[in-house]
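Following: one structure in structure tokens, then a few remarks.
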Amino acid sequence: MAGPVPHSWLDFLDVYEGGRSKAAPGVQTVVKLSSNETPFGPSPKALEAYAASAATIHRYPDATAADLKAAIADLTGLDPQRMVCGLGSDEVLKLVCRAYAGPGDEVIYSRYGFMMYPIAARSVGATPVEAPDNNFVADVDQILAAVTANTKVVFLANPNNPTGTYLPRAEVIRLVSGLPSSVVLVLDAAYAEYADAGDYTAGEDLVDQYPNIVVTRTFSKIYGLAALRLGWGYGSADVISMLDRLRDPFNLPTPTQKAGIAAVLDQAWVDDARSHNTKERARVTASLTALGLNVVPSQANFILIRFTRDGNRMAEAANDYLLKHGYILRWLPKQGLGDCLRLTIGLTEENDAVIALLRDFLAGDAI
Ligand code: PMP
């Protein structure tokens, strides 16, 4: 008997694969450096707020997340009326596709862009279109060249995952200026807090001038709240109002909102995490480069390590070697990066261990 038939465009919908959390069988100590999580966890104040919220979970959460938006507005100076909160920034990315793209439409992103973009496009029947990059950096000219009359959304992760590279503000302006104003440009700034280049912007400063920009942010990275699924988007009043009507009314559980507020209020915690990352990102990059590995310059909390000689085989073998020692990195053959490993910056001693293991591996003990 024939069963229910889903939309034909869902035939090619991929499952999003997160970073693995298990090392090789039998390995006791596991250090997970595969999902760009902060090694410090959340602020203790966020944990306290989360625990305290247990007393009210029989009540529906605040559907407008008003206190959370007010806390973000206090920190950033942004207009809380033009924020939409999502269950992770993933939800906001998907809402943009649901609102602005559908069957027959095209959604552009750069080669080696974040894996959710094609999934978000396909989930609404739109066609994902990959624009060539330029040496692991998004290429504005190539993105603009890919625009057709059917283009509805362009996603730019800035900094990008998994490459760690970024586009400076002037390039983002060149991109948005070259797009038809009917195309939504999503500036996915999941790693914005880690970017320290002087010419970087997450993009909220561009929203007034370009009402087709939506900036997305997350609490999953530097704020250490990945499991609570908290993200938000910022854009023009019209776009945000559309996304807000489309989302589930009670999408953010009270514990998520409360922990988010406390996390925003503890900027000292964020500053510490950021300075650790900046220092360690530079140190690990230099150490691995000295080992003869090619590291893509990163503005995020991870680095992409390239094995230039016999790339795919070496990267896979290095990954297995690290897994055997309990260190989980991310090997990304499905994204065309089979010759690379992505390493999330961990605690100093964890980074030291990865450097030492890769040194041993390259010295030939391991292969
Ligand atoms: N954008 C990018 C570029 C990411 O790397 C991630 C997390 N892997 C996200 C968005 C989604 O993050 P979340 O849904 O946890 O906010």
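We number each residue from 1, following the sequence as shown. Just so you know, these numbers use all the heavy atoms, side chains as well, and skip hydrogens, waters and symmetry mates. Ligands are counted one by one from 1 in listed order, and the atoms in each one are counted from 1 as well. Worth saying up front: this structure is predicted, and the values here are computed from it rather than measured.
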of all protein heavy atoms, closest to atom 12 (O) of ligand 1 is S89 OG, 3.4 Å
Residue, atom and distance of the protein heavy atom nearest atom 6 (C) of ligand 1 read F114 CZ, 3.4 Å
One finds that the ligand 1 atoms under 4.0 Å from a non-hydrogen atom of T218 are 13 (P), 15 (O), 16 (O)
Note: heavy atom closest to atom 8 (N) of ligand 1, options M116, K221, E91, belongs to K221
Task: Working for ring-ring contact (aromatic ring centres under 6.0 Å, His included), residues F302 and Y191 - done: CA-CA 10 Å; F302 55 87; Y191 300 95; 5.0 Å; yes
Min over L93, L230, V92, D188 of heavy-atom distance to atom 2 (C) of ligand 1 lands on D188
NZ of K152 to OG of S182, rounded to nearest 0.5 Å, is 7.5 Å
Ranked by distance from atom 11 (C) of ligand 1, the top protein heavy atom is D90 OD1, 3.1 Å
Answer yes or no: is there an ion pair linking D90 with R229, defined by an N-O contact shorter than 4.0 Å? yes
Check: Given the rule in the side chain to side chain contact (heavy atoms under 4.5 Å, CB included) test, do Y234 and I240 qualify, once you have shown the distances and angles that lead to the verdict?
Finding: CA-CA 7 Å; Y234 192 72; I240 293 301; 5.5 Å; no
Fill in: Proximity flag Y191 to ligand 1, non-hydrogen atoms under 4.0 Å
yes
Next on the checklist: Can you confirm, on distance only, whether ligand 1 has an N/O atom lying under 3.5 Å from any N/O atom belonging to N36?
Outcome noted: no
In terms of its nearest heavy atom to atom 15 (O) of ligand 1, the top option of A226, S220, S35 is S220
Open item on the list: Looking at R281 and A300, would you say the former's side chain and the latter's main chain have a donor-acceptor pair under 3.5 Å?
Closed with: yes
May I ask you to decide if the ring planes of F155 and Y117 are parallel, tilted or perpendicular, using 30° and 60° as cut-offs? parallel
Backbone or side-chain N or O of N161 under 3.5 Å from ligand 1 N or O = yes
Under a 3.5 Å distance rule, please check whether E350 uses its side chain to pair with a backbone N or O of V31 as donor and acceptor. no
Task: F136 and Y112 aromatic centres sub-6.0 Å - done: yes
Atom 14 (O) of ligand 1: closest protein heavy atom, distance to 0.1 Å, is R229 NH2, 2.7 Å
